[in-house]
Structure formats: structure tokens, C-alpha cells
Participant: 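Provided herewith is a single structure, encoded as C-alpha cells, for subsequent inquiry.
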Amino acid sequence: MDILKVILLVVIAIVVLGASGAVFLSVKSRSGSAPGLINGALAPCPSTPNCVSSEPGTSASHSIAPLDGDSWGKLPGAIEEAGGVIIARTDSYIAAEFETPLMRFVDDVEFRKADDTVHVRSASRVGKSDLGANAKRIEQLRAALKQ
């Protein structure tokens, strides 16, 4: 019976530590901001798999197709409809924040208007893996812009 108590205490400790870590990362993700433009382009993705970008030179593991150039005018409405909040906007740049529903992790989504295309970058502020959430978000925005 004592071994069962020890196992239960270990399991409880692991759950509490895991939950505490998730809460810490959630709070940490709410500080900071989108990286913005670097030499006129969206920032490169980090080596972690929680980022996608359409900027030229992006590695295949992070690469996503850019949006159509004619989508620029519809982007603010599509962002807000998808639950994003625009935090910066110029004639050629939009930065938005999206929160995940459960843990409220913040992801930065940025758009850069080019000649006939709109480059996009979507990245989690914390953590390593996003389980494909950033790529999925861009594809959902792409579909909404075509309607």
C-alpha cells in the first residue's frame, strides 16, 4: 500500500509541475511583441518548428506560400474575424496577435505587402512545437480571404 501512495504522490507532483510550467509559459508569451521588419523583410523563423514564413530563403521545414497580393485590403477584416488583434499597421506591414483558446499562449502573425504578393510569418512566442497551429492559422486566413 505504501508504494501506491508514493506512486500517487509522484504522479501528482508531475502533474502540478507540468501545469505550473504551462501557466508560466502562457504568462511569458503575453509579454513581448512581433519582431517586425528586418532590412525590409519579415524576421526569419527560429530553428524551432513553431513558425512558418513565406519570405524568400525560408527553410523548407518552415516555408508556406505567400498570400495573393489582392488580399491586402481584406486582411484586417479577416484577421479580426479569425480572432486576431491588430497591434501595428502601416501601408505595407500588419502585425497581429492571436491567443490560443485554452492556455492563452500568444502567437505573432505578420504580413508584408510586396509588389504582387503578401508575405506572411506566423510564430509562437514561447515553446518549441505548435503542433502545426501556425500553418493551420495561415491556411484558414487564406481560405477566408478567398470568400
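By convention here, the first residue in the shown sequence is residue 1. Only this structure's heavy atoms are used, side chains among them; waters, hydrogens and symmetry mates stay out.
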Participant: Establish, from distance only, whether the side-chain atoms of Ser124 and Asn134 form a donor-acceptor pair under 3.5 Å.
Facilitator: yes
Participant: Establish whether Val120 and Leu37 are linked, either directly or via other cluster members, by ILVMFWY side-chain heavy-atom contacts under 4.5 Å.
Facilitator: no
Participant: Say whether, by atom type as modelled, one donor and one acceptor occur between the side chain of His62 and the main chain of Pro44 under 3.5 angstrom.
Facilitator: no
Participant: Check whether any side-chain heavy atom of Arg121 sits under 4.5 Å from a side-chain heavy atom of Pro35, and report yes or no.
Facilitator: yes
Participant: For Ala135 and Val52, which heavy atoms make the closest approach, and how far apart are they?
Facilitator: CB-CG1, 3.9 Å
Participant: Starting at NZ of Lys74, measure out to CG of Leu67 and round the result to the nearest 0.5 Å.
Facilitator: 11.5 Å
Participant: Okay, side chain of Glu97, backbone of Asp108: is any donor-acceptor separation there less than 3.5 Å?
Facilitator: no
Participant: With side-chain contact (heavy atoms from CB on, under 4.5 Å) as the criterion, how do Lys113 and Asp91 come out once you've worked through the C-alpha distance, each side chain's angles and the decisive distance to 0.1 Å?
Facilitator: CA-CA 8 Å; Lys113 185 178 179 184; Asp91 290 341; over 6 Å; no
Participant: Taking atom CG of Leu145 and atom CD of Glu81, what is their separation to the nearest 0.5 Å?
Facilitator: 11.0 Å
Participant: Quick one: does any side-chain atom of Ser129 pair with a main-chain N or O of Asn50 as donor and acceptor, under 3.5 Å?
Facilitator: no
Participant: CZ of Phe98 to CD1 of Ile79: how many Å apart, nearest 0.5 Å?
Facilitator: 6.0 Å
Participant: Please test Arg137 against Asp107 for salt bridge (charged side-chain N to carboxylate O under 4.0 Å, His left out), starting from the C-alpha separation and ending with a verdict.
Facilitator: CA-CA 10 Å; Arg137 177 180 299 114; Asp107 294 340; 3.0 Å; yes
Participant: Classify the side-chain pair His119/Ser54 by whether it contains a donor and acceptor separated by less than 3.5 Å.
Facilitator: yes
Participant: Atom CG in Leu75, atom CG in Leu141: separation rounded to 0.5 Å?
Facilitator: 7.0 Å
Participant: Is the backbone N or O of Gly36 less than 3.5 Å from a side-chain atom of Glu110, with the two atoms forming a donor-acceptor pair by type?
Facilitator: yes
Participant: Counting C-beta onward and ignoring hydrogens, is there a side-chain heavy-atom pair between Phe105 and Asp130 closer than 4.5 Å?
Facilitator: no
Participant: Do the side chain of Thr117 and the main chain of Ala114 share a donor and acceptor less than 3.5 angstrom apart?
Facilitator: no
Participant: If the threshold is 4.0 Å, N to carboxylate O, is there a salt bridge linking Glu139 and Arg142?
Facilitator: yes
Participant: Could you give the distance from OH (Tyr93) to CZ (Arg112), rounded to the nearest 0.5 Å?
Facilitator: 11.5 Å
Participant: Please check if the side chain of Asp68 supplies one atom and the backbone of Asp70 the other of a donor-acceptor pair under 3.5 Å.
Facilitator: no
Participant: Shortest non-hydrogen contact from Thr90 to Trp72?
Facilitator: O-CZ2, 4.0 Å
Participant: Assigning hydrophobic clusters by single linkage (Ile, Leu, Val, Met, Phe, Trp, Tyr; side-chain heavy-atom cutoff under 4.5 Å), is Val109 placed with Val106?
Facilitator: no
Participant: OG of Ser92 to CZ of Phe111: how many Å apart, nearest 0.5 Å?
Facilitator: 14.0 Å
